[in-house]
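Beneath this line is the structure, given in structure tokens, with notes to follow.
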Amino acid sequence: MSNFEFQKVNSRVIRSGDNYLAKVDSAENFSSIFVDEETTYGVYVRDAQIQTGDSTYTPAMAFTYSMEDGYVRFIDVVVCPLLGTFVSDWY
């Protein structure tokens, strides 16, 4: 499986291309995202790396959640034991 790469912007933000993910500190952040019981959700999980310096990478897991409620939208969550958990906006 190929690794999906992210780059550390600062201690609270990582990015992949134009997609920025903010660090979250509690499960409460997630409960406000997934609130509609009438919606269908899907998940895709993959190994990832976060670039923390020149040629320095930290392993992580990346989750892409899809939501279908008439439109299909996505949100990314990256979990890294060393740096924390990050979440994007819906896109």
Side-chain angles (χ1 to χ4, degrees):
M1 175 183 284
S2 64
N3 287 338
F4 192 79
E5 292 184 20
F6 294 85
Q7 182 179 25
K8 181 180 174 184
V9 176
N10 59 44
S11 64
R12 306 272 323 156
V13 177
I14 61 175
R15 74 181 186 98
S16 176
D18 291 335
N19 192 17
Y20 288 80
L21 293 84
K23 188 171 187 176
V24 295
D25 298 318
S26 71
E28 185 176 327
N29 297 101
F30 293 105
S31 65
S32 64
I33 295 170
F34 303 106
V35 295
D36 190 349
E37 295 176 7
E38 302 288 323
T39 302
T40 302
Y41 295 97
V43 64
Y44 172 68
V45 181
R46 62 205 175 277
D47 290 324
Q49 299 183 88
I50 300 172
Q51 183 177 5
T52 55
D54 293 338
S55 301
T56 305
Y57 293 87
T58 299
M61 290 185 300
F63 301 80
T64 298
Y65 293 91
S66 63
M67 177 179 80
E68 187 174 343
D69 60 352
Y71 301 97
V72 177
R73 296 183 284 167
F74 302 93
I75 193 168
D76 294 316
V77 177
V78 174
V79 178
C80 177
L82 184 62
L83 300 175
T85 301
F86 300 83
V87 63
S88 72
D89 288 328
W90 286 102
Y91 59 94

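Numbers for residues simply follow the sequence, beginning at 1.
Here T64 contributes atom OG1 and Y44 contributes atom OH; the two are 8.0 Å apart, rounded to the nearest 0.5 Å. A distance of 11.0 Å separates CZ of F6 from CD of Q49, quoted to the nearest 0.5 Å. Rounded to the nearest 0.5 angstrom, E5 CD and I14 CD1 are separated by 12.0 Å.
Closest heavy-atom contact between V72 and E68: CG2-CG, 4.2 Å. Nearest heavy-atom pair across I50 and K8 is CG2-N, 3.9 Å. Annotation for A48 and A62: closest pair CB-CB, 3.9 Å, computed over non-hydrogen atoms. Among all heavy-atom pairs drawn from A60 and C80, the shortest one is CB-CB, 3.9 Å. Considering every non-hydrogen atom in both Q51 and D54, the closest pair reads NE2-CA, 4.4 Å.
By the rule that hydrophobic residues join a cluster once side-chain heavy atoms approach within less than 4.5 Å of another member, V24 and V13 end up as members of separate clusters. With hydrophobic clusters built from ILVMFWY side chains whose heavy atoms lie under 4.5 angstrom apart, V45 shares a cluster with V79. Hydrophobic clustering (side-chain heavy atoms under 4.5 Å, transitive across Ile, Leu, Val, Met, Phe, Trp, Tyr) keeps Y57 apart from V9. With hydrophobic clusters built from ILVMFWY side chains whose heavy atoms lie under 4.5 angstrom apart, M61 shares a cluster with Y65. Connection of V77 to Y20 is not established within any shared hydrophobic cluster, with ILVMFWY side chains joined at heavy-atom distances below 4.5 Å, either directly or through further cluster members.
Considering only residues two or more places apart in sequence or on other chains, N19 meets the side-chain contact (heavy atoms from CB on, under 4.5 Å) condition with L21, D76, S88, Y91.
Distance alone, capped at 3.5 Å, places no donor-acceptor pair between the R73 side chain and the M67 backbone.
For the pair T52/L82, no side-chain contact is recorded, criterion being any heavy-atom separation below 4.5 Å from C-beta on.
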